[in-house]
Amino acid sequence: MATAREPQSSHEGQYDPRPVEQRWYRVWEEAGYFHADEESASPPYCIVIPPPNITGSLHMGHALNNTLQDILVRWRRMQGYNALWMPGTDHAGIATQNVVERQLAEEGRTRYQIGREAFLERVWQWKAESGGTIIRQLKHLGASCDWAREAFTMDPPRSRAVTEVFVRLFEDGLLYRAERLVNWCPRCQTALADIEVVHEEQEGRLWHIRYPFADDQGGGLVVATTRPETMLGDVAVAVHPEDPRYRDAVGRTVLLPVVGRRLPVIADRAVARDFGTGALKVTPGHDQNDYEIGTRHSLGDPIKAFTETGTISAGFLVDDARRPIESARARRYVGADRAEARRMILEDLRADGLLVKEEPYRHAVGRCYRCQTVIEPFLTPQWFVRVKPLAEPAIRVVEEGRVRIVPEQWERNYFDWMRNIRDWCISRQIWWGHRIPAWYCMHCNADQVVQTATGPAFAAEKGAMPAYTDERYTILPEAKAIVAREAPARCPTCGRHELVQDPDVLDTWFSSALWPFSTLGWPERTKALQVFYPTSVLVTGFDILFFWVARMIMMGLKSLGEVPFRQVYIHALVRDAEGQKMSKSRGNVIDPLVVIDKYGADAFRFTLAALAAQGRDIRLSEERIEGYRYFCNKLWNAYRFLAPHLARGAPLPPGAPPASADLADRWILSRLQEVVAAVTEALETFRFNEAASALYQFVWHEYCDWYLEMAKRRLTEGDGPGAEAARAVLTHVLAEALLLLHPIMPFITEEIWQRLPHEGATIMRAPWPGPEAARRDSEATAALELVMDLVRAVRNLRSEVNIPAAAWLTVICRSRDAGQEAVLRATEGYVRALGRIREFRVGAAEGKPPAAAATVVRGMDVYVPLTGLIDFAAEIARLRKEVEKVDRELARVRGKLENPAFRAKAPAEVVEKETGVARELGEVRGKLLEHLALLESSRG
RNA sequence: AGGCACGUAGCUCAGGGGGAGAGCGCUUGCUUGACACGCAAGAGGUCGGCGGUUCGAGACCGCCCGUGCCUACCA
């Protein structure tokens with residue numbers, strides 16, 4: 001063995017996470033430790049993963065979300081639960097379709113050119129090649145999912161669940177198909193649900209446009225609009241019935257500028273008198289509010305001014321009776337896109353002198369959450385879920401606590417949304433997704449199912465926008481649907497075979513809503529479903545509380561009559577160090593994979609856990625992660641210190657620690673019990689940050705800083721019983737700390753645990769420590785607090801009075817407390833080693849030596865005589881500062897005690913405690929003043 | 001417009017009515033028998049403001065100021 005230390009170029013003292021993490025994940029996976037067996041007799045615990053999109057790659061949100069789930073699952077598994085973390089991915093209809101469409105675009109083709117079947121084949125092919133990326137990335141994070149069960153929203157069992165739920169909802173009258181104004185994305189060319197529209201304030205303009213009276217071209221009404229291009233679809237002008245300005249206008253007729261259509265002036269309470277001019281142009285085909293006004297006043301069929309791609313349609317060239325009209329000037333707009341049409345119309349209005357005013361105006365604009373295109377309210381036939389009957393029981397289960405949302409404040413958001421919920425548009429005009437299980441008989445719906453060759457033309461002629469056009473047929477709004485689990489062979493009404501399936505697919509969130517039970521095999525009555533449903537916890541971000549959580553609760557209750565999960569833990573959003581949301585366009589993303597590579601998954605996970613305080617967003621910075629990498633290193637080095645001692649003496653049994661009489665041993669074992677209880681409770685209440693910081697504090701600042709330093713002395717003494725006990729306790733406490741740390745830092749804990757004496761094949765399946773109340777030891781705790789206070793006081797004197805760090809001191813304690821004296825005699829070795837003390841005297845008879853620095857520790861005078869080394873001025877200054885500090889404290893406590901109300905009303909133990917504090921402070925103050933006087937006189 | 005959260009050390013944040021805390025940063029001193037990714041000591045705070053409840057408020061209540069987020073059909 002070399003005596004000199006090697007130069008440290010090899011970083012032997014530094015922990016390298018990379019090889020460790022790769023090795024252990026492989027071992028765990030191959031050994032099947034992630035697997036949950038439904039035949040197990042242990043109590044079940046189940047979390048279903050919020051399925052990431054197959055188009056996605058791991059971002060910080062996923063990293064946080066999955067780290068928290070893994071912490072919970074690993075912890076419960078160690079507690080002996082039959083813990084299942086059910087993994088899978090989401091087909092992400094629009095997002096995935098966009099990806100493949102972009103690929104096609106690079107080849108200069110569109111999906112229409114290759115056709116539906118070929119397109120879907122391309123998507124499946126893409127999925128096979130690229131859809132597993134995020135799953136591989138989750139493994140780098142350490143996710144202990146039961147991969148053998150991995151599900152996909154479009155695989156056959158999940159598709160079957162989708163069909164089953166659709167058919168049941170239809171049979172129960174909770175589904176309908178109707179023509180409604182929906183949110184339409186002209187780029188994706190599909191309808192979107194309300195929550196898929198992102199509202200964003202932006203700088204726009206408010207244009208005031210004069211609509212002249214038909215019989216008095218000099219007058220007219222001035223309307224205000226942010227979207228002049230929609231005027232092509234106007235069918236009326238509305239004013240408030242009690243608006244004196246317009247009393248005489250109601251019932252008259254105005255002319256739509258440029259187009260010339262005659263518009264009635266109507267009165268409706270929905271008009272806000274104080275907005276704009278108080279006159280509202282009514283465009284039922286392109287505005288939800290106007291649609292309702294149109295219905296109330298029987299204004300006839302809405303006029304559709306746009307096509308599904310967002311260009312101007314020829315459909316607006318009609319008069320008030322919807323008869324075609326011709327206008328060369330207005331005809332120019334046809335085919336222009338929305339922005340271009342706006343420019344042209346404004347120009348024409350200006351030329352006609354009808355543009356009265358133009359002012360800047362800030363307003364919210366809805367955009368597609370997938371592609372940011374401005375959403376168009378658009379009239380098309382769609383499938384809807386009648387949500388109210390589903391929402392009511394879903395509200396009730398949260399009210400009754402059958403589903404608990406943590407933190408509770410989110411329940412309010414949940415209730416607000418659920419109580420104001422509107423029907424859910426579930427059909428999407430895309431190809432990638434679950435095809436709607438509805439068929440139409442071409443004979444019974446002769447005028448509603450239209451061959452494509454004549455489809456669009458026919459639709460235009462009917463004045464209706466087609467629901468959707470693929471290469472073969474178009475289904476108009478009045479068509480009668482046959483909804484079935486399997487494609488029907490014949491029409492139940494007429495018996496003929498010419499049936500076509502609805503071309504639409506379902507909203508991706510429809511299948512996501514079934515996820516907690518579709519993944520467990522529903523509608524089959526599987527063992528897994530029986531054992532694991534309802535699942536235990538759902539862990540997710542608040543951004544999909546409505547998209548997903550609420551819908552799972554509704555669908556779980558509807559389909560199984562039971563809630564999908566008992567708890568929902570809502571965690572924060574991850575932001576950058578400046579508090580900005582991470583986004584590619586801002587360029588502030590921190591890539592979790594880069595972080596894992598650089599600092600290790602353990603350090604990263606610990607960081608996320610430590611920052612995951614409830615109700616607040618996480619600001620993540622690399623410095624923070626680096627700090628927790630140091631913690632891994634600390635842990636590693638604690639093991640390295642211990643390693644050579646493990647081989648000495650008798651082999652250490654794993655499990656229970658030895659009974660030791662040593663106060664330091666008793667103290668750390670007692671503290672360990674407190675930490676076990678604290679960490680367990682923190683995890684039970686989803687306070688991940690508290691679990692993390694309790695462990696950090698304990699491992700670093702108690703185990704390493706104090707206990708390990710104290711044990712060093714005993715270990716180096718040789719192989720006596722003291723060394724033996726120290727070895728056992730050091731090992732035991734480290735092993736237990738590893739168990740507690742394992743859910744947060746799975747890799748390094750496994751690595752070290754394997755090197756310690758242990759039972760079992762993996763820390764993953766080792767039992768979670770139970771708190772042993774019997775090991776709580778207040779006597780040892782009080783003793784060690786005295787030791788640490790004394791050592792700290794000596795170190796402080798050394799530093800403040802400028803005593804060289806290397807000097808060995810004499811320390812004299814005058815204590816009139818026999819118990820205190822006994823403790824210090826019993827722990828003298830620790831005090832001397834940690835305080836760097838050569839001569840240590842303690843007793844009631846000890847006196848103050850000449851020329852000494854002095855302080856007070858727990859009522860005990862502490863002197864450090866060092867003739868010639870004391871800096872008198874520094875010591876006097878220090879003592880004065882200390883007296884001031886005590887005075888401040890004393891003033892506070894006495895203020896309290898002198899208040900008769902406090903003595904009368906505060907609990908007795910509080911009064912007693914404060915009285916004790918005041919007495920102690922008074923004594924300390926007296927002693928300090930005494931020291932001060934002596935020093936000042938001796939300096940002289 | 002309404003709702004919700006958040007203002008605590010230079011920075012990022014814990015704090016659950018009874019002596020203001022952590023990490024990082026900063027200052028000073030240390031090649032201390034694992035760790036300089038370390039050890040030790042320290043400086044630094046009218047807990048956003050005002051009022052209220054209470055014997056006692058950083059915490060509970062109200063108002064105000066500031067910041068962020070969500071919801072909404074005022075064109």
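Lettering follows sequence order; numbering is per chain, from 1. Note that the structure is predicted; figures quoted are calculated from it, not measured. Note that these values count all heavy atoms, side chains included, but never hydrogens, waters or copies made by symmetry.
Using a 4.0 Å cut-off, no side-chain N or O of A:K634 falls inside it from OP1 or OP2 of B:C37. Look at A:R624 and you won't find any side-chain N or O under 4.0 angstrom from OP1 or OP2 of B:U12. For B:G17, the OP1/OP2 oxygens have no side-chain nitrogen or oxygen of A:K905 closer than 4.0 Å.
A:L708 comes within 4.0 angstrom of a base, heavy atoms only. Residue contacts shown for A:V271 include a base, since a base heavy atom lies under 4.0 Å away. Among the heavy atoms of the strands, none lies under 4.0 Å from A:H240. Residue A:R836 is out of contact with every strand shown, counting any heavy-atom pair closer than 4.0 Å. Residue A:N689 is in sugar-phosphate contact alone, with no base atom involved, counting any heavy-atom pair closer than 4.0 Å across all strands shown. A:Q697 comes within contact range of no nucleotide atom at all, as no heavy-atom separation falls under 4.0 Å. Counting non-hydrogen atoms under 4.0 angstrom, A:W700 reaches the backbone sugars and phosphates but no base. Residue contacts for A:E889: at a heavy-atom cut-off of 4.0 Å it reaches a base atom on one of the strands shown.
When the C1' atom of B:A34 is taken as reference, atom CZ of A:R755 falls 14 Å away, rounded to whole Å. Taking atom CD1 of residue A:I544 and atom P of nucleotide B:U71, one finds them 14 Å apart after rounding to whole Å.
Taking 4.5 Å as the limit, some side-chain heavy atom of A:W207 sits within range of a side-chain heavy atom of A:L346. At least one side-chain heavy atom of A:L797 sits less than 4.5 Å from a side-chain heavy atom of A:R878.
Annotation: A:E358, atom CD; neighbour count of heavy atoms from other residues, nucleotides and ligands within 6.0 Å is above 12. Under a cut-off of 6.0 angstrom, the local environment of CD in A:E359 is crowded, with over 12 non-hydrogen atoms contributed by other residues, nucleotides or ligands. Atom CD of A:E709 is surrounded by more than 12 heavy atoms from other residues, nucleotides or ligands within 6.0 Å. The number of heavy atoms from other shown groups lying within 6.0 Å of CD (A:E684) is above 12.
Proximity note for A:R792 (side chain, C-beta onward) versus B:A41, B:A34, B:C37: the nearest is B:A41. In the set B:C39, B:G42, B:C35, the nucleotide with an atom closest to the side chain of A:N637 is B:C35.
Between A:T685 and A:F546, the residue anchored closer to the 5' end of RNA chain B is A:T685, taking for each the nucleotide with the nearest heavy atom.
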Practice item. Convert the base pairs of RNA chain B into dot-bracket notation, remembering that pairs crossing earlier ones are written with [ ] and that bases paired across to another strand are shown as |; include only Watson-Crick or G-U pairs under 3.5 Å. Key: (((((((..((((....[..)))).(((((.......))))).....(((((..]....))))))))))))....
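Cation-pi geometry between A:K634 and A:Y703 is not satisfied (NZ or CZ under 6.0 Å from the ring centre, within 45° of the ring normal).
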